[in-house]
Each structure stands twice: as structure tokens, then as C-alpha cells.
4 protein chains.
Amino acid sequence: MLEGLISPSKTSILDAAEKLLGKYGYAGLSMRELAEECGLAKATIYHYFHDKQAIVLSVLERDMSRIRASTVAAAAQEENCIEKLRAVIQTHYVMTRERHAMIINVIREINGLEPHLQELKRKHMAAYYSPVVKIIEDGIAQGLFRPVNVEMTVFSLFGMIHSFVAHCMLTDEAESGDDFVDHTLSLLLYGINQDGASTETLNSEDVVFSQSHPHESVKHAA
Amino acid sequence: MLEGLISPSKTSILDAAEKLLGKYGYAGLSMRELAEECGLAKATIYHYFHDKQAIVLSVLERDMSRIRASTVAAAAQEENCIEKLRAVIQTHYVMTRERHAMIINVIREINGLEPHLQELKRKHMAAYYSPVVKIIEDGIAQGLFRPVNVEMTVFSLFGMIHSFVAHCMLTDEAESGDDFVDHTLSLLLYGINQDGASTETLNSEDVVFSQSHPHESVKHAA
Amino acid sequence: MLEGLISPSKTSILDAAEKLLGKYGYAGLSMRELAEECGLAKATIYHYFHDKQAIVLSVLERDMSRIRASTVAAAAQEENCIEKLRAVIQTHYVMTRERHAMIINVIREINGLEPHLQELKRKHMAAYYSPVVKIIEDGIAQGLFRPVNVEMTVFSLFGMIHSFVAHCMLTDEAESGDDFVDHTLSLLLYGINQDGASTETLNSEDVVFSQSHPHESVKHAA
Amino acid sequence: MLEGLISPSKTSILDAAEKLLGKYGYAGLSMRELAEECGLAKATIYHYFHDKQAIVLSVLERDMSRIRASTVAAAAQEENCIEKLRAVIQTHYVMTRERHAMIINVIREINGLEPHLQELKRKHMAAYYSPVVKIIEDGIAQGLFRPVNVEMTVFSLFGMIHSFVAHCMLTDEAESGDDFVDHTLSLLLYGINQDGASTETLNSEDVVFSQSHPHESVKHAA
DNA sequence: GATGAATGAGTATTCATTCAT
DNA sequence: AATGAATGAATACTCATTCAT
């Protein structure tokens, strides 16, 4: 939020740590490499952070609040619940890619090491997921969506996004992700079952995957 | 396949490595700890495997072929495409939990280190996803499912499963996962959109998440 | 001597050890690599030799007796003391190169580790140097050579040879060594001092080194 | 040169490494033992040097420049070419003994491992040999020496010295080396051939070797 | 605010060697 | 005669961290 008040050294440490965490994960992050990356001496880092874990937690907090802010802002620009969902998928996809899908993995790694941090992270995740929960709850209240288990649905949605980001990083495909957004929104809304309601709005083509299925995706469905 | 022919020491190394990889990931896996865990001397491990990476690759191969075998077997026991999907979700969920969601993370870690292993892993993943691709393609051919992008859909489905497993491991909730299977199958089939076709079959309750949404899930829908 | 009576496995071990000692020295010789090189299992090597040191000593003994035999044989083919010296230089140069100057280095390495082996090695070296000692002593007795300290002179001569071999191995120059033999014999006989007796017999050219000094070397001087 | 500016820890590492290299060679030099010898923790050594090879190269560079400096200084104190040669032999002999004849062996060992270091070492050796090359070239220009191949001759000379040092270390004889210097200078100047010019100046006795040859050596021959 | 120096405990890996078969 | 399996001790090197300056 008020990053202007944070010392530039601290910021450079967090930036470097974010980059290296994305590459190597928590256990693979070396303080020596971190020092080299941010241009400070190793000892200087300990002037700003108590230990390695504190750095990583700071990175996670900063990233989470940024992602949350971006997600909220993106959703706020849309009126319609469905368009809000599209905005969320798009934003979350982009930000996750930028962070090299770091967060999910780092959390899991830290978690294995530090059981007492679970609650802290659960809170973070609640804050993280809650904007999307709100959107779906609103949709249900408006009669747009059926009364699904909202929390579970949000997990599912984020799972789809992360899975796709992971796949892209594995294969180094650098596409825009538009097709992914269309596919994911369509799947989230209508599923794969054949019924009259959903198919009539489908009309785009896919280029990402080999087997083309021309009828996939929903373009700005109302 | 023919594990009976493999020496017990080798098996014990792989077993221990599988366990520790689930806990700590690739970088966090220590050869000292592995030796303790499998009851052999450190040097003995190197009698069976060239290096740490070779161990981890063996674990991954073994797990992948096991998961694939289980998934295929589970699906083969069902006639109906939808029931096949349910079986896949159930099996994959259970096996992923047993392996502490290890595979996806380890692959990503290794991948960061060894660019030339990408192709190998892509092949593995193809084999891994292909049974599910087949089911959905059959469903589409039978007119049961709409013509979605199948490969993308499979990614989405596995993403949902992995995400949920990760969440459960984070919170140490040890439920059976039945609710999860119902939710996921329902979401995959119908999405969240409100329409006449899907809502009438919903009738179960959720205990997993705090906010209860009584109408979620599809029980053995045909 | 009677190598026909030695088992082929034992011979292959010694051959492999000789090769690797030349490459890596004593400390750098690994039993694993030795086993690979000679095509036997590590444990099999211990069937033939008590330990690593015993192997190396066997190699040294074998090489030394071979070099001694070759040197003696080469000298025996010549009548003249000077021609005997030329033969010795030539033979010793070739055999040292073939063994990658191994012996001198290995002896020094072992010596650092095993003080009680000194006497053994002194005996070996005495046997090793004695043929040349004999030649020079004969030359002195015949009034051909001046009464130098023979033992020291032999050390000097072998020093020159080893130094040149080391230089050639360092620079990977693969010359025949004829120039070297001429140079060394000339230096040994006449030194560098300018006087009437020696210069008149010099008539060959040098190609080995950059600065050419056309008057170097003695061709079959009588 | 400016060793006063180098940290005492770094110097103590190099000193210890020089000592151990002389004893055990490159492969036999253990970082653990080095740490013990210089009184620092293993990890501290890596604060000053990137790896073992860097340490050894530093030792070699330091020793080579020291030997070169001493050799040049010793030669500069003499007017006469022959006396310069005597000074060089004396100095080189002493310094090589002090370093346990380490350099030649270490270079050969490293060279086997690192082909791309050859050129570096050739340069070093050029600088190392060049002072002596200069002396002999001057002697030839002055008509004192016959026109031998100078570079080869320098190799031969250093070979004699190193060989003798090695012999002394093997037998732990701790003599002053005066006899050796006389012998070597005499051999270098006049060789062993019987002729009028050289014998008349010989008049000393040898104690180093068993067989005494009373007429060896040149005492300050002009 | 920043760092060079230092370290104990750790890393993955290799060592020479033994032994039951 | 030959070896697969096993190991304690060593290898070079890195770790996160501290502290005096």
C-alpha cells in the first residue's frame, strides 16, 4: 500500500526474493544468491529482516495484497457478475504467471516446515479468495447462479487457473491467455454437459491446444 | 509393474524418497534424511542410483504409472461416461492425497533446474492425462457432452483436484472427500449457471466448508 | 619377466592402474574408476591385491624392471660408451613418455604418505640408475670421460630427461625426440662452454624450440 | 609484491596450502586439513577463494613470482655470466627445496585436469625460465658459451636441479647443497667429456654420494 | 545503514574397503 | 574366481546466521 515509505533497500530485497522464489522455491532460495541479486551484502539483509522466513513471508504478504487489490479493482470495473468473473480469471491468470506460480508452492513448502503458520496463511487465503466468493454469492442472490458451495467453487476456479499457469510455464508457451480465459469462464458457467441453454452462445476457435474444438468459449455472454 | 523383481533396498529408497518429497519438495529432500528414513547408509543409496535427481525421477515415474494404472482401472469399471468421470475424480483425488500432492510441485522444481527434461515430462503428462481425454472425447462423440476443448478441460479438472488436495493438506482436514467428488463432478458437468436442466437433481448437504449451500452436488446422476 | 604365468585379470588390473596413475597420480586414482577401466568388479580387485597401495607398488615394480631391461638391452647393442649413452637417453626418454612421467610423481606422492617405503624405493632406484652408472664409470676408466661424480651425474641426466618429458606433456607436443636426444647427449658430453674440442663436431638443426641455434647436437660423435 | 596489503587470513591460507601441497600434491590436499593447518574454519576459506583450484593457482603464482624475483636478484649481484649461472643454480635449488619441489608436480597434476589452463601455465613458465635464458644468450653473445639451443638447455638445467631436490627429499638428506651446485655448474659448463680445457680447474671432493670422485666441481672458475 | 569476516552445521557425492554368496 | 551389496569416513563445497566495526 504505502510502499513509498519503505526503504529502497528493503524493497530491493523483496523484489529479488520474489524473483528467486519463483525460480527455485523456498528451500532453493539461497541468501548468498539473494544478496547478489539485490546488490547488498548478506549481512545487510539481516539488518532488515530477522531471517529467511521473515523475508519470504513479507514477499507472500506483499504479493497477496497486490493480487487481491488487482482482483478487486478488475472486478469493480464490471457491472455484471459474469463479466466480473471473467475479469477475475483474467487478472488472476496474469498475476499468477508474473509471479511464476510462486505463491502456491511456497506456501506449501513453508507449511511443511512451520505448522504454527497455518492459521496465518489461512487468513491470508481467506482474504485472497473472498472477493471471488462475494461475486459468486451475489450471482446466486441475483438468481444468476445456482446455489453451489461457493467456497469450494472458488477453490476449483483457482485450481483451474494455477494448473494452466503451471502447464504454460512447463512448456514455455507464451500465449496471451485469452483462449484460456474464455475456456475457463465457459467451463465454470456451463460445465461440459450438453444442454440447450449454453451451446447457442459459443462461437470462437482455440489455438492453444492441438485438438481443436471450435465451439468452445463464451465471448462476453450476458 | 514387476516390482517383485526390484531389490527391496531399491524399493525402500523409493518409498522413503516419495514420502520425503511429499513433505519437503526436491530442494528440501536431504540425502542424509533419506538414508535415515530408508534404513541404509548414505553411500548405499548411491549403489542404486546415480544421484539425487535419478532417485526423484524414479519416484515420479513410479507414481505416475501407478496413478495412471489406478485411474484407468477405476474408469474401466464404469459403463457410463459420467460415472467414469466420477471414478476418475475420486481415484485421482485419493492418489494425489496419498502422494501429498508431490508430483506437480516436484516436476515444477526439477523443471526449473533442468530445461532438457521438459520433453520427457511432457510425454509423461500426456500419458497421465490421456485416459481422461479419452472419456470426454467419447462423451462428446456420444452427444453427452458439448464439444469443449478437451485437453484444456482435462487440465482444468486436474487443477480443481490438485487445488483441493493442497487446501486439505494445508488445513489437515482428513475428510473422505465424497463431498469434494460430488461438487467437482457437478461443477464439471453443469457449471454454476442457473438453468433448468441441472438444478433439479441437487439434494445433498455440505459439511466441508463453513458456509453451507444445501443444494450442491450430484448423486450418481445418469 | 614371467608375465605369462600371471593371471590375465591381474595383468589387466596393472595395465589399467598404470594408465590411470599416469593421468591422475596416486591420490587421484580411484578404485571405482580402476574397476571400470579393467572391466572387473571392485571387489574382484581385492581378490588380487591387498589394497590400493599394493597395486601401485606392483605397477611401479613392473614399470621399473621394464625400463631397466629396455635400457640395459639398448645399451648392450652399442659398443662405444658415448653411443651407449645416446641409446640410454633415447630409450629412457621414450619409456618415460609412454608412462606419462608417472613414476617420478607417484614415488614422490607415496613417499609423502609412507615413510617406511623409502628404503624399498631407494633400492629400486639404485637398480634403475645402475646401468647408466656403469656406462659412465667404464667411460672414465677408459679415459673417455673426466672423473665426475658419477651418481650425481646420472641424477642430472635423468633430471634432464624427465624435465623434457614433462614439458612435452604440458604442451602436447608429439615430436620424435631426436633433437632432444642430440641436445642432451651433447650437453652431457661437452657442456655449454666454448672450447675447441667440442664445437667442431656439431652440425644439425633444431626445430623443437623457437630460437634456432644451428650448431647444437652431436651426431654419432666418436 | 605488496603482500602487506593482503589480509592475514588469506596469507595464512596460502602458507598452509603451500605446505600441504608440497607434502601431498593437488589431489591429496584436503580442505579439512588445510582449514586445520591455517587455523580457520572450512567455510572461511571459501570467503577468500572460490574453490580449491583457485587456492592452488594462487599458491603457484605467488611461488613463481617469488622464485623469479629471487633468481633475478641473485643473478644481478654477479657480473660474470658463469657466476650468474652459479647464483641461479644455488638460488633455484634452495627455493625449490623450500617448496618441497611442489610446483612442478602440482602443475602437472592440475594440467591433467584442466586443459584450458595450459596456456596460462606456459606463460608463467616463460617468465620463470626467461632470466636464465637471458644469461645464456648473453654468454653466447660474449663468445663465452657455444651456440647451444638455449631454451632446451634451460630445461635441462632446471631438470637437473629438480631431480636432485627430489632425490634429497626422498632420502631426507639435509645437506647444504654446495656440492650439488658445484657439480651442476661444472656439468653444465663442460660436460663429462675428457678434454684439456676443463679438468685443470677441478679440485674439490664430494661427500654427498657414496662413490667419491675427487676431481669433480668448479670453484669460482673465471 | 551497511559490511567483511567468520563459523557450525549442513549439502550431495565419493572414498577404499569388507563380506556373504 | 568373481561380485553385488553395503558402509564409515572422507571429499569439496554451501547453508543461514552472527558480530565487531
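Per chain, numbering begins at 1; letters A, B, ... match sequence-line order. Since this is a predicted model, take the numbers as computed values, not measurements.
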Presence of A:Tyr46 side-chain N/O under 4.0 Å of F:dT17 phosphate oxygens OP1/OP2: yes
message: Evaluate C:Arg99 against C:Leu21 for side-chain contact (heavy atoms from CB on, under 4.5 Å), listing each step before the verdict.
response: CA-CA 9 Å; C:Arg99 276 148 193 82; C:Leu21 276 174; over 6 Å; no
message: Walk me through whether D:Thr44 and D:Ile13 qualify under side-chain contact (heavy atoms from CB on, under 4.5 Å).
response: CA-CA 10 Å; D:Thr44 309; D:Ile13 293 169; 5.9 Å; no
task: Check the distance between F:dG4's P and B:Lys10's NZ and give it to me in whole angstrom.
output: 14 Å
- prompt: Want to settle it: does D:Leu29 or B:Leu40 sit nearer the 5' end of DNA chain F, counting the closest nucleotide to each?
  reply: B:Leu40
message: To the closest 0.5 Å, what do you measure between CD (B:Glu36) and CG (B:Leu20)?
response: 10.0 Å
query: For the atom pair NZ (C:Lys23) and CG (C:Leu29), what is the distance rounded to the nearest 0.5 Å?
result: 11.5 Å
message: Distance to the ring centre below 6.0 angstrom and angle to the axis at most 45 degrees; does that hold for A:Lys52 and A:Tyr46?
response: no
field: Proximal nucleotide (of F:dC15, F:dA12, F:dT18) relative to the D:Ala43 side chain
entry: F:dC15
field: Minimum-distance nucleotide to D:His47 side chain [options: E:dA16, E:dG4, E:dT14]
entry: E:dG4
message: If I take atom CE in residue A:Met31 and atom P in nucleotide E:dT11, what distance separates them, rounded to the nearest angstrom?
response: 18 Å
statement: By nearest-heavy-atom nucleotide on DNA chain E, the more 5' of B:Asp51 and D:Ser9 is D:Ser9
field: Distance, rounded to the nearest Å, where A:Ile6 contributes CD1 and E:dG1 contributes P
entry: 14 Å
- request: Round to the nearest Å and state the distance from B:Tyr24 atom OH to E:dG10 atom C1'.
  value: 15 Å
- line: Picking from F:dT3, E:dT3, E:dA16, the nucleotide nearest the side-chain atoms of C:Ser30 would be E:dA16
message: Using heavy-atom distances to pick each residue's nearest nucleotide on DNA chain F, tell me which of A:Gly28 and C:Thr44 is more 5'.
response: C:Thr44
- request: Under 4.0 Å between any heavy atoms, over every strand shown, what does A:Leu34 touch: base, sugar-phosphate, or nothing? Just pick one.
  value: nothing
field: Options F:dA6, F:dC15, E:dA2, nucleotide nearest the side-chain atoms of C:Lys42
entry: F:dA6
- prompt: For the pair made of CZ in C:Phe49 and P in F:dA1, what is the distance, rounded to whole Å?
  reply: 13 Å
query: B:Ile45 near the nucleic acid: base, sugar-phosphate alone, or nothing, with a heavy-atom cut-off under 4.0 Å?
result: nothing
query: If you round to the nearest 0.5 Å, how far is CD of C:Glu98 from CD1 of C:Ile67?
result: 9.0 Å
- prompt: Any side-chain N or O of B:Arg32 under 4.0 Å from OP1/OP2 of E:dA12?
  reply: no
task: For DNA chain E, just give me the dot-bracket, please: Watson-Crick or G-U, both distances below 3.5 Å, ( ) intra-strand, [ ] crossing earlier pairs, | paired with another strand, . unpaired.
output: .||||||||||||||||||||
message: I need the NZ-C1' distance between A:Lys52 and E:dG10, as an integer number of Å.
response: 12 Å
field: Full working for side-chain contact (heavy atoms from CB on, under 4.5 Å) between C:Thr11 and C:Arg62
entry: CA-CA 10 Å; C:Thr11 302; C:Arg62 200 181 65 163; 4.2 Å; yes
- line: Out of E:dA2, E:dT13, E:dA6, minimum distance to the side chain of A:Tyr48 belongs to E:dA2
- request: Considering only NZ, NE, NH1 and NH2 on the basic side and carboxylate oxygens on the acidic side, decide whether D:Asp15 and D:Lys10 come within less than 4.0 Å.
  value: no
